[in-house]
Amino acid sequence: MKTSAIIEALGSRKSVRQYLPKNLPQTDVERILRAARLAPSGGNLQPGRFHALTGTALLDLSQALNEAAMFQDPTSEYSYFPQPMPADLKTKQRAAGYALYEALGIDRRDFEGRKQQFDKNYRFFDAPVGIIVTIHKDMGKGCFMDLGMSLMALFMAAHDLGYGTTGIGAIAKYGPVAHAALGLNDDELVVCGVALGVEDTSAPVNRFRTVRDDLDQFTTFRGFDTSG
């Protein structure tokens, strides 16, 4: 079977939740974001905007998000997960969470330890670059799909340049806080955040991997010749 660098890269990419304190050249961030914009989109609308921050700008945003997480109720402008969450999907979500905390040595009943780990979302896991991803509030559901393709292109471009990333859906819980802190346009809706930087390969959290469904769980085949 022919090998594929792209398929191998998809298999080796992972969510990185601890980074080395190494700054990224702006030129590399620009290359990554230009690659993200190469993703296909219906009608070539190219939905979504990327607000990249580092240094003091990122620290200020992280502080605002952490304070909100401590003292405010979530005020997400859209539902990230199904409401209500179906039982089979809830099982997947819990399994992923338990595996993550187990990798970190955090007991299931250590609620404070789990909260401290979760709150790292609002610090962009101490990555040197944080990105706030937004979309125009009037865009339809299909445009969210297109934005997802753009995000995957971003992740793969970063991976290709030797950087780690993780998407941060938790930031949507305090989207209005990020919106105000960055002075975004009124028509922008905060979708998620992205952490970007050099992976700390010694961190146990970065050895954690989630499990993917088997092919027969999410795919059907019709009309294919199975004779050989």
Side-chain angles (χ1 to χ4, degrees), residues 5-25 28-29 32 52-55 58-59 61-70 74 80-81 85 88-133 148 151-174 178 192-214 217:
I6 293 177
I7 292 176
E8 289 179 358
L10 285 166
S12 61
R13 194 214 70 83
K14 62 186 178 185
S15 293
V16 173
R17 295 181 175 87
Q18 189 163 324
Y19 296 83
L20 296 176
K22 294 184 177 181
N23 294 328
L24 273 65
D28 281 357
V29 179
I32 291 166
L53 302 92
T54 193
L58 180 58
L59 290 173
L61 174 60
S62 297
Q63 182 177 351
L65 289 168
N66 273 282
E67 288 179 356
M70 285 190 293
Y80 192 95
F81 293 117
M85 179 82 79
D88 60 326
L89 299 184
K90 189 66 177 178
T91 298
K92 285 185 178 182
Q93 183 187 43
R94 285 174 173 167
Y98 290 152
L100 171 63
Y101 295 130
E102 183 178 18
L104 290 166
I106 299 174
D107 187 81
R108 292 188 182 189
R109 296 187 179 185
D110 183 0
F111 300 114
E112 181 58 30
R114 290 168 61 179
K115 182 180 184 304
Q116 289 179 7
Q117 174 61 33
F118 186 83
D119 285 348
K120 291 182 180 180
N121 283 282
Y122 303 117
R123 301 204 313 264
F124 295 82
F125 297 101
D126 298 320
V129 174
I131 302 171
I132 292 294
V133 182
L151 283 166
M152 191 61 192
L154 187 160
F155 295 157
M156 295 309 299
H159 185 65
D160 188 55
L161 293 181
Y163 296 120
T165 57
T166 190
I168 310 176
I171 287 178
K173 292 176 176 285
Y174 297 98
C192 66
V194 174
L196 169 64
V198 178
E199 176 188 356
D200 182 350
T201 57
S202 69
V205 70
N206 288 334
R207 293 194 286 272
F208 158 75
R209 299 296 295 269
T210 51
V211 178
R212 295 297 185 264
D213 291 342
D214 291 330
Q217 292 180 269

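Numbering starts at 1 and runs along the sequence shown.
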Provide the closest heavy-atom pair for [X] versus [Y] in the form atom of the first, atom of the second, distance.
X: Cys192; Y: Leu151; result: SG-CD1, 4.0 Å
X: Gly130; Y: Phe124; result: CA-CD2, 3.6 Å
X: Met85; Y: Leu89; result: SD-CB, 3.7 Å
X: Pro204; Y: Ala103; result: CB-O, 3.7 Å

State whether the number of non-hydrogen atoms from other residues, nucleotides or ligands found under 6.0 Å of [X] atom [atom1] is greater than 12.
X: Arg209; atom1: CZ; value: yes
X: Phe118; atom1: CZ; value: yes
X: Glu102; atom1: CD; value: no

Are the side chains of [Y] and [X] in contact, using a 4.5 Å heavy-atom criterion?
X: Val198; Y: Tyr19; value: no
X: Lys22; Y: Tyr163; value: no
X: Lys92; Y: Thr210; value: no
X: Leu154; Y: Val133; value: no
X: Tyr122; Y: Ser62; value: no
X: Phe125; Y: Val16; value: no
X: Arg17; Y: Leu100; value: yes
X: Ile132; Y: Leu61; value: yes

Would you compute the distance between atom [atom1] of [X] and atom [atom2] of [Y] and round it to the nearest 0.5 angstrom?
X: Ile171; Y: Asn121; atom1: CD1; atom2: CG; result: 7.0 Å
X: Lys115; Y: Met70; atom1: NZ; atom2: CE; result: 7.5 Å
X: Leu20; Y: Asp126; atom1: CG; atom2: CG; result: 11.5 Å
X: Phe155; Y: Ser15; atom1: CZ; atom2: OG; result: 7.0 Å
X: Gln18; Y: Glu199; atom1: CD; atom2: CD; result: 10.0 Å
X: Leu104; Y: Gln116; atom1: CG; atom2: CD; result: 11.5 Å

Quick check: does any side chain N or O of Asp119 sit under 3.5 Å from a backbone N or O of Asn66, one acting as donor and the other as acceptor?
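Checked: no pair found.
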Could you tell me which residues satisfy side-chain contact (heavy atoms from CB on, under 4.5 Å) with Val29, sequence neighbours excluded, listed by chain and number?
Leu24, Leu33, Ala52, Val129, Leu196
Those residues that, when tested against Ala9, pass side-chain contact (heavy atoms from CB on, under 4.5 Å) (two or more places apart)
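Checked Ala9 against side-chain contact (heavy atoms from CB on, under 4.5 Å); matches are Met156, His159.
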Taking it one step at a time, do Asp110 and Gln117 satisfy side-chain contact (heavy atoms from CB on, under 4.5 Å)?
CA-CA 11 Å; Asp110 183 0; Gln117 174 61 33; over 6 Å; no
Geometric cation-pi criterion, Arg108 with Tyr101: 6.0 Å, 45°
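Arg108 over Tyr101 ring: no.
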